[in-house]
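Okay, structure first, notes after.
Computed over heavy atoms, backbone and side chain alike; hydrogens, waters and symmetry mates excluded.
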Amino acid sequence: MFRTRFAPSPTGYLHLGHALSALTVAHCAKVADGEMLLRIENTDFTRCRDDYEQSIHEDLKWLGLDWPEPVRRQSDHFPDYKAALQRLIDAGLVYKCFLSRKDLMAIIEENPAMSAEGPDGPVYFGKPLAATEEERLIEQGVPFAWRLSISEAKAALGTKWKEITCRERSFTDRYAIKTVPITPEIFGDAVIARKDIGTSYHLASVHDDALQNVTHVIRGDDLKEAVHLHRLLQVLLDLPEPIYQHHRLLTDETGKKLSKRDQSPALKDMRENGVSLDDVKQRLGSLLP
Ligand code: GLU
């Protein structure tokens, strides 16, 4: 069965850009006679809030959407993500990184192969410290993140590395599916378990897409590059491969993507001010499928 999901992070009130995404995902599910799940991606407890989460449910109902219950809330499932991380640890594919942001920037500045600007932040390639050095830092209470080692992943996959692809479904070409090569190294050794939360969006999302039998991951173009890392994680964790589909983003008059931080209108305010679903659809216009 065609199953997709809308997976917001409750780090702010949803805005028109989210309405575009949710309506697009729901539309694709409907025309395929499938279903859309709602998943709350709230592992980042430093930014997520319960009132934002509550509002997500109300906003989506206001948009006329429906989804099966119970809704998966990632914060209820940290042990699942820990177990997925443990598999990567056991396979020797990740290493502890104790660098502060300042240390990281200094290293990157001196290394032409690295860069401060990757899809997800700094592009850094490193390796584990000697065991005694790790022990010393841990004893001192220095926090660490887990990074996925591109060189170890390449070594583990051998010739399979070059064969990893992703299937991308198009909005414009009658939902045609293209198979495209992936290049996870654009992320460098990505942080897949953050120092503070013990997981990352990438690991939790990939884990849940597999667990929930998501066949089609449909989301905004801003997450298009994440596919490279997500496909690699799927291969390394032996998870099924969904089809990916990325929709255009809503931009402001200057062409900049709308974000929660900008003054883009919150759906909550719109519904409280009597804006109708038709008004929303009209504002989204031709961006809607
Ligand atoms: N939780 C992510 C966000 O709000 C979306 C994740 C996804 O669709 O893969 O940006």
Side-chain angles (χ1 to χ4, degrees), residues 7-12 41-49 52 74-75 78 81-82 84-86 88-89 91-154 182-207 219-233 236 249 256-262:
S9 298
T11 55
E41 298 205 326
N42 60 348
T43 54
D44 184 356
F45 50 75
T46 64
R47 294 170 61 218
C48 293
R49 280 181 18 194
Y52 294 147
Q74 291 189 327
S75 61
F78 278 109
Y81 313 129
K82 199 171 169 199
L85 173 64
Q86 191 60 47
L88 297 170
I89 296 172
L93 296 168
V94 289
Y95 62 92
K96 297 188 188 85
C97 175
F98 294 84
L99 299 174
S100 67
R101 192 162 171 95
K102 206 166 144 216
D103 301 332
L104 197 62
M105 287 308 156
I107 296 174
I108 286 173
E109 208 157 286
E110 293 189 352
N111 284 276
M114 306 191 198
S115 139
E117 307 265 338
D120 207 18
V123 177
Y124 165 79
F125 297 95
K127 53 180 187 323
L129 298 173
T132 48
E133 180 62 3
E134 279 193 358
E135 269 164 39
R136 192 181 63 78
L137 292 171
I138 289 171
E139 243 163 61
Q140 286 175 6
V142 180
F144 62 86
W146 286 99
R147 287 185 182 271
L148 179 65
S149 166
I150 288 288
S151 60
E152 291 297 337
K154 275 187 180 164
I182 60 141
T183 50
E185 54 273 42
I186 58 171
F187 279 83
D189 290 347
V191 171
I192 56 146
R194 275 172 40 173
K195 287 177 183 170
D196 51 353
I197 65 173
T199 184
S200 61
Y201 147 64
H202 301 294
L203 187 61
S205 196
V206 158
H207 173 277
R219 57 190 177 193
D221 258 341
D222 52 337
L223 284 168
K224 202 165 183 175
E225 285 174 317
V227 173
H228 296 271
L229 181 54
H230 294 187
R231 283 292 301 124
L232 177 59
L233 285 170
L236 295 173
L249 300 177
K256 204 163 86 355
K257 177 197 153 200
L258 283 190
S259 83
K260 289 175 196 161
R261 261 163 270 139
D262 302 326

Given the rule in the side chain to side chain donor-acceptor pair (under 3.5 Å) test, do Tyr201 and Asp120 qualify, once you have shown the distances and angles that lead to the verdict? CA-CA 11 Å; Tyr201 147 64; Asp120 207 18; over 6 Å; no

Can you tell me if CD on Gln86 sees more than 12 non-hydrogen neighbours from other groups inside 6.0 Å? yes

Where the side chain of Thr183 meets the backbone of Ile186, is there a donor-acceptor pair that is under 3.5 Å apart? no

Would you say [X] and [Y] make side-chain contact, with heavy atoms under 4.5 Å?
X	Y	result
Leu223	His230	no
Pro184	Arg231	no
His207	Thr199	no
Tyr124	Arg147	yes
Ile108	Val123	no
Tyr95	Lys127	no
Leu148	Asp189	no

What's the separation between atom CG in Asp44 and atom OG in Ser75, rounded to the nearest 0.5 Å? 11.5 Å

After noting the C-alpha distance and the side-chain angles of Leu232 and His228, does the key distance pass the side-chain contact (heavy atoms from CB on, under 4.5 Å) rule? CA-CA 6 Å; Leu232 177 59; His228 296 271; over 6 Å; no

Stepwise side-chain contact (heavy atoms from CB on, under 4.5 Å) test for Ile150 and Phe187: CA-CA 9 Å; Ile150 288 288; Phe187 279 83; over 6 Å; no

Tell me the closest heavy-atom pair linking Pro143 and Lys195, and the distance in Å. O-CE, 3.7 Å

Which atom of Ser200 lies closest to which atom of Ile192, heavy atoms considered: OG-O, 2.8 Å

Going through the distances and angles, do Glu133 and Arg136 end up as a salt bridge (charged side-chain N to carboxylate O under 4.0 Å, His left out)? CA-CA 5 Å; Glu133 180 62 3; Arg136 192 181 63 78; 2.8 Å; yes

